[in-house]
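Input: a single structure, listed below in structure tokens.
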Amino acid sequence: MRTSLFKLAFAAAALFAPVYNEAWAQTQPPTVISLFQSNDRVLVMLTIGDHPPMPAVFDTGTNGNVIDMGVAQRLGLENRGASRSIDGSTGRPVPGFETFIAGASLGGTPIQDARATAMAFSHPNEVAIIGPNSFPGQYVLMDLGRSRLSLYAPADAPEAGEGFPYLGEGGAALPSLNIELEGRAIPAILDTGNTSDFLLPLSLAKDLPLESEPVVIGHATSAAGVQDVYEARLGEDITIAGVVIHRPKIRFIEGGRPNIGMPVLRQLKLMFDPVQRRTWVVGAPAAR
């Protein structure tokens, strides 16, 4: 839209240029951060201080930052004692130590100085996990179709209506939307760190119209343990913000909260406000 306005103003500068120049000055373009995606990961380049950039997971399903223990020690990050973090999937303490990340940036854009948990990673090609609340005071528009984050000042953000409240309390709250099916709505966390369409607590299985009993299909490794993963196909469709998922396979684990994973999130363009803790669906993503 801005390109076409520019051409129109250039063709009739005497009449239209002052109006369009004023509008342009009032709307600041967003800061854009590039994302790098594989089938099961959304990565961003993390720089701490004057050290070289490192691959980190941009994980909308975590409210804190995590860094590999060996990397933290190599960068000279302070050991502030035993980790106080709790694994959201198992409810167990996360092994490792507390540290603090300052002077860091994602894709060249500064992020908030914040505490982090240093722990041993099992993924050699990623050395940190960065949560969505790293940009306080800015709206974060996530468009996985274009592999980018766009950061807006609140006054310049796209119009998007009332929004949906985060799920959780205080600093533990995370972006969420409703899973809608069979006349009910299940609030669920939006989780780019989850490779399945939907991951639900096993306790919900008995209340869902499943085609068969959930069966164990493998194991899930989280920050503080390993547990069985169950799966069953749903006997009806699910709707997420107007997007219909036809009779999806649902995965279950013993603990955690309802979770919408990356395959579904790739079908939405989402905006987060980490201060007021609200989520908006602002449209379908561009074709990849």
Side-chain angles (χ1 to χ4, degrees), residues 30-38 40-138 140 142 147-151 168 170-175 189 191-195 220-226 262 272 274-275 277:
T31 299
V32 176
I33 299 172
S34 295
L35 302 172
F36 304 90
Q37 297 187 67
S38 65
D40 58 0
R41 281 292 184 266
V42 176
L43 298 178
V44 66
M45 299 309 294
L46 168 68
T47 302
I48 300 177
D50 57 0
H51 298 282
M54 305 172 289
V57 177
F58 183 74
D59 186 357
T60 59
T62 181
N63 61 339
N65 297 333
V66 178
I67 188 166
D68 178 75
M69 188 181 299
V71 171
Q73 293 168 337
R74 188 163 63 249
L75 299 184
L77 301 185
E78 181 183 2
N79 183 333
R80 296 188 170 187
S83 166
R84 295 176 292 158
S85 298
I86 301 297
D87 183 350
S89 295
T90 64
R92 302 171 188 163
V94 175
F97 63 84
E98 293 286 313
T99 189
F100 195 83
I101 296 177
S105 63
L106 293 183
T109 299
I111 62 174
Q112 181 183 29
D113 295 347
R115 75 176 187 88
T117 299
M119 57 169 283
F121 263 58
S122 58
H123 300 284
N125 295 323
E126 50 200 59
V127 301
I129 300 173
I130 304 297
N133 300 330
S134 300
F135 308 97
Q138 295 177 289
V140 182
M142 184 178 74
S147 292
R148 69 185 188 185
L149 302 176
S150 299
L151 308 181
L174 288 167
I189 290 170
D191 189 0
T192 54
N194 170 23
T195 60
T221 301
S222 56
V226 178
M262 184 164 56
F272 313 124
V275 176
R277 301 189 178 100

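Just so you know, these numbers come straight off a predicted model, no measurement behind them. Starting from 1, each residue takes its place in the sequence as its number.
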Roughly how far apart are Ile111 CD1 and Leu106 CG, rounded to 0.5 Å? 4.5 Å

Heavy-atom distance under 4.5 Å between the side chains of Pro53 and Thr47, does that happen here? yes

For the residue pair Thr99 and Asn79, establish whether any side-chain heavy-atom pair is separated by less than 4.5 Å. no

When rounded to the nearest 0.5 Å, the distance separating CZ of Arg277 from CG of Asn63 is 10.0 Å

Leu174 and Thr60, any side-chain heavy atoms less than 4.5 Å apart: no

Here the pair of heavy atoms bringing Phe135 nearest to Pro274 is O-CG, 3.6 Å

Using 0.5 Å steps for rounding, measure from the CD atom of Gln138 to the CG atom of Leu151. 5.0 Å

With heavy-atom distances below 4.5 Å as the criterion, would you say the side chains of Leu35 and Leu149 are in contact? yes

Side chains of Met69 and Phe97: does their closest heavy-atom pair fall under 4.5 Å? yes

Could you go through the side chain to side chain contact (heavy atoms under 4.5 Å, CB included) check for Val57 and Ile130 one step at a time? CA-CA 6 Å; Val57 177; Ile130 304 297; over 6 Å; no

Going by atom types alone, do Ser147 and Gln37 pair a side-chain donor with an acceptor below 3.5 Å? yes

Treating Ser134 as the side-chain partner and Gly131 as the backbone partner, does any N or O pair qualify as donor plus acceptor under 3.5 Å? yes

Closest non-hydrogen atoms of Ala173 and Asn133, given as atom of the first, atom of the second and distance, are O-ND2, 3.8 Å

Taking atom CG of Asn125 and atom OG of Ser38, what is their separation to the nearest 0.5 Å? 9.5 Å

Do you know which two heavy atoms are closest between Leu77 and Phe100, and how far apart they sit? CD2-O, 4.0 Å

Considering all heavy atoms, the nearest Ala128-Leu46 contact: CB-CD2, 3.7 Å

Nearest 0.5 Å, please: how far is CG in Asp68 from CD in Glu126? 10.5 Å

Nearest heavy-atom approach of Ser150 to Val32 is OG-CG2, 4.0 Å

Can you confirm whether Asp191 sits close enough to Met262 that some side-chain heavy atom of one is under 4.5 Å from a side-chain heavy atom of the other? no

How far does OG1 of Thr31 sit from CZ of Arg148, to the nearest 0.5 angstrom? 12.0 Å

Between Asn65 and Ile129, is there a side-chain heavy-atom distance shorter than 4.5 Å? no

Would Met142 and Thr192 count as a side chain to side chain contact (heavy atoms under 4.5 Å, CB included) if you check the C-alpha gap in whole Å, the side-chain angles of each, and the deciding distance to 0.1 Å? CA-CA 11 Å; Met142 184 178 74; Thr192 54; 3.9 Å; yes

Give the minimum heavy-atom separation between Ala116 and Ile101, together with the two atoms involved. CB-CD1, 3.7 Å

Under the side chain to side chain contact (heavy atoms under 4.5 Å, CB included) rule, what do Asn194 and Ile189 come out as? Steps first, then yes or no, please. CA-CA 10 Å; Asn194 170 23; Ile189 290 170; over 6 Å; no

Any side-chain heavy-atom pair of Phe36 and Arg41 under 4.5 Å: no

